[in-house]
Amino acid sequence: MDLYEIVRGPLAWAALLLFVLGTAYRIVSMLIEARRDKVVYPYLSLKYGLRSLMHWLIPFGSVNMRKRPVMTVVSFAFHICLLVTPVFLLAHIILWDESWGLQWWSLPEAVTDVMSVLVVGACAFFLIRRIVAPEVQNVTFLSDYVLLAVVVLPFLTGFLAYHQLGPYRPMLILHILAGEIMLVAIPFSRLSHMFFFFFTRAYMGSEFGKVRNARDW
Amino acid sequence: MATFPEREPVEDIGLDETIKKLTPERIEKTILKVLNEESAARLKVYVNTCVHCGLCSNACHFYNSHDGDVKYAPVSKVKDTLWEMIRKKGRVDGEFIRKASRIAFTECNVCRRCSMYCPFGIDLAYLILTVRRICHLLGVVPQYLQDTVNSHAATLNQMWVKPDEWIDTLQWQEEEQLDEVVGARIPLDREGAEIMYSVIGPEPKFLPQLIGHMDQIMTVAGMSWTVPSLDGWDNSNMAMYSGDFEIMARVERKHYDKALELKVKKIVMGECGHAFRGAAYDGPKWLGWLRPPVPLIHAVEFYYDLIHSGRLKIVKKYEEPITLQDPCNIVRGKGLGNKLRYIMNATCSDFRDVEPRFEHNYCCCAGGGVINCGPPWKTTRVNGNRVKAEQFRATEAKVIVTPCHNCHSGIEDIVSNYKLDMHVKFFCEILVECIEIPESLKV
Ligand code: HEM
Ligand code: SF4
Ligand code: SF4
């Protein structure tokens, strides 16, 4: 097996497995530990949890999002592109088709191209914000830069490989590797906010709405 | 990059002397106990989920009043205390505990405004309260605050009020009211009354006329009520804020035991926010009750019921330009913002609302035990709330209504420090000027 086959074969499996199992582990252990927090389960409410999630998943749905329009636009563009691009990218779907015979609807390549650029641009924005905004700089650690790199690399290398900028095959290998690193990093780093977001928000929405009769957005 | 001034040294023997007795082993053991045994999923998830984005910073009145000084951003306060304790696995020194205690007790009102600004809804106030818990277990608590907790422990009230002083105060207020309204008795320990009325310790000590006002309101509205003559009359709870949750629970249990003993249908409490929080949420939570065993109603809700139902008739309106403070613990804590505005509009002809308002109103900067840290920390508290002064100034009102004791005292300090030329009043002071006293009750 050459390097390409390793990253496409066993490493891809390992990354996917770690992502799925890691995520399951983090969520299940949280649900178990939450029983020791006297208030969590009694306070939870589907209605108020969803009400809060709605406000925080809709652009400009909260007061703070309206106070920071640039951040809101960048953040939503970033997250939407980040989640949509890898799933609906033609080249990825072809891979799924080759390996598993799975197919679904894909986005035009020009669109996914722009979306990758948006992700990279947003990461640049987050990076600059981290350096120049004092309140962000103050809570920035080396790990925050590393995480930004972990997130930007799959998109940057994917873009370069697609446009055949630089040596194609090494770039492709780098791209796959970067994607795998990001996947594994999600459950085991602050990127776990991807799933914890729904729990912390729903809990706070419940506590504010059901218990305290107040809004939390 | 902007630079911000260092904190001025402040002397407080509660912090300066107590840290001398700490050993590294005790600090480590205590921190690990609180982190690993007393807290569970919420603490862990909050710490692991925070993406260090700083979006909570502009929620905090301290941060806004210090022109964006980063050390007052909510997440910075957690970083400088809890994160560091976690990162070092409890191996921090006494000097660190002193600083953590200062931040947790005097630079955060645990008002929870920042939870509405963090996109993840991280409860930063809960994290700060966890730091306070650690400081309490280490005995590093601002001296004045600790003194109120000692009073709770020894007397079950906050202000070392002795039983005879309490009864004396009630009788004195009753006499005053009997000159105004026929039959304005303050019924002590009347079993089976509908309402038990409770107040905070400082009322008999400094503001006894508030008890008199409530006597008048109860009498005119014709309520069946009673006041406990012994322990359980004080609904305040400073132990909740010092991190002494054992004492907090004792105080709350006594309050409710008294209500059960008197077989009342509900407890009505005076105009205080922190007391409401302790009795409605934090106390029951620690005791493992989903909700209190006897329904608890804050004065604002009670006034609303009396005015809305017509039991109290408003015959005169208060005319001076007037504005208000939304106490965090009853507005962000119980959604009473609309009822508060209803009673304001019902009794005042020139009510001028503040901006921001309701849940988004700024904290008074006195709550959360901060004012109870006493004179050494007054400057911290007043400088930490310039935005409040600006907010009030913009209304051009002459009077500020604060249906909470902490807000009342804190805002009085803000008014005098920022030369606002305004008066601070409790709502009952407005109400007694506006209600109709029926002919049959006129003296
Ligand atoms: C549906 C899932 C997700 C939700 C709801 C979500 C939500 C958030 C929120 C609320 C923030 C706070 C700052 C901001 O508004 O930008 C944030 C930041 C961030 N998210 Fe997500 N996220 C999700 C998934 C992901 C994933 C899958 C990744 C990457 C693998 C990611 C990477 C980031 C990064 C890097 C930041 C930090 C930006 C900075 O450095 O300031 N997110 N996310
Ligand atoms: S004072 Fe209020 S807004 Fe500021 S950090 Fe504390 S809880 Fe958050
Ligand atoms: S807004 Fe929330 S996630 Fe962002 S720094 Fe503050 S606490 Fe952390």
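Computed over heavy atoms, backbone and side chain alike; hydrogens, waters and symmetry mates excluded. Lettering follows sequence order; numbering is per chain, from 1.
Contacts between A/Trp217 and chain B at a heavy-atom distance below 4.5 Å involve the backbone alone (N, CA, C, O). Contacts of A/Phe198 with chain B are absent, with no heavy-atom separation under 4.5 Å from either backbone or side chain. For B/Phe358, the part lying near chain A is the side chain, with the backbone staying farther off; criterion is any non-hydrogen pair under 4.5 Å. If you measure heavy-atom distances from A/Met71 to chain B, the contacts under 4.5 Å come from the side chain alone. Of the atoms belonging to A/Arg215, heavy atoms from both backbone and side chain fall under 4.5 Å from chain B. A/Ser62 does not touch chain B: none of its heavy atoms, backbone or side chain, sits under 4.5 Å away. Looking at B/Asp69, neither its backbone nor its side chain comes within 4.5 Å of chain A, counting heavy atoms on both sides.
Using modelled atom types, no side-chain atom of A/Asp216 and backbone atom of B/Met116 make a donor-acceptor pair closer than 3.5 Å. Checked by atom type and distance alone, the side chain of A/Asn64 pairs as donor or acceptor with a backbone atom of B/Leu55 at under 3.5 Å. Judged purely by atom type and a 3.5 angstrom limit, A/Arg201 uses its side chain to pair as donor or acceptor with the backbone of B/Pro119.
No side-chain heavy atom of B/His52 sits less than 4.5 Å from a side-chain heavy atom of A/Thr140. A heavy-atom distance below 4.5 Å is not found between the side chains of A/Val39 and B/Trp286. At a threshold of 4.5 Å between non-hydrogen side-chain atoms, the residues A/Phe141 and B/Lys79 count as touching. Looking at heavy atoms from C-beta onward, A/Phe199 lies out of side-chain contact with B/Thr49 at the 4.5 angstrom threshold. Between B/Asp123 and A/Tyr203, every side-chain heavy-atom pair lies at or beyond the 4.5 Å cut-off. Side chains of A/Thr200 and B/Tyr46 form a contact here, defined as non-hydrogen atoms less than 4.5 Å apart. Between B/Asn48 and A/Arg190, every side-chain heavy-atom pair lies at or beyond the 4.5 Å cut-off.
Rounding to the nearest 0.5 Å gives a distance of 14.0 Å between CZ of B/Phe120 and CE of A/Met204.
Using a 4.0 Å cut-off between charged nitrogen and carboxylate oxygen, A/Glu207 and B/Arg112 count as a salt-bridge pair.
Cation-pi geometry between A/Arg212 and B/Tyr281 is satisfied (NZ or CZ under 6.0 Å from the ring centre, within 45° of the ring normal).
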>> For A/Tyr43 and B/Leu290: C-alpha separation, side-chain torsions, deciding distance, then whether side chain to side chain contact (heavy atoms under 4.5 Å, CB included) applies.
In response: CA-CA 8 Å; A/Tyr43 278 9; B/Leu290 185 55; 3.9 Å; yes
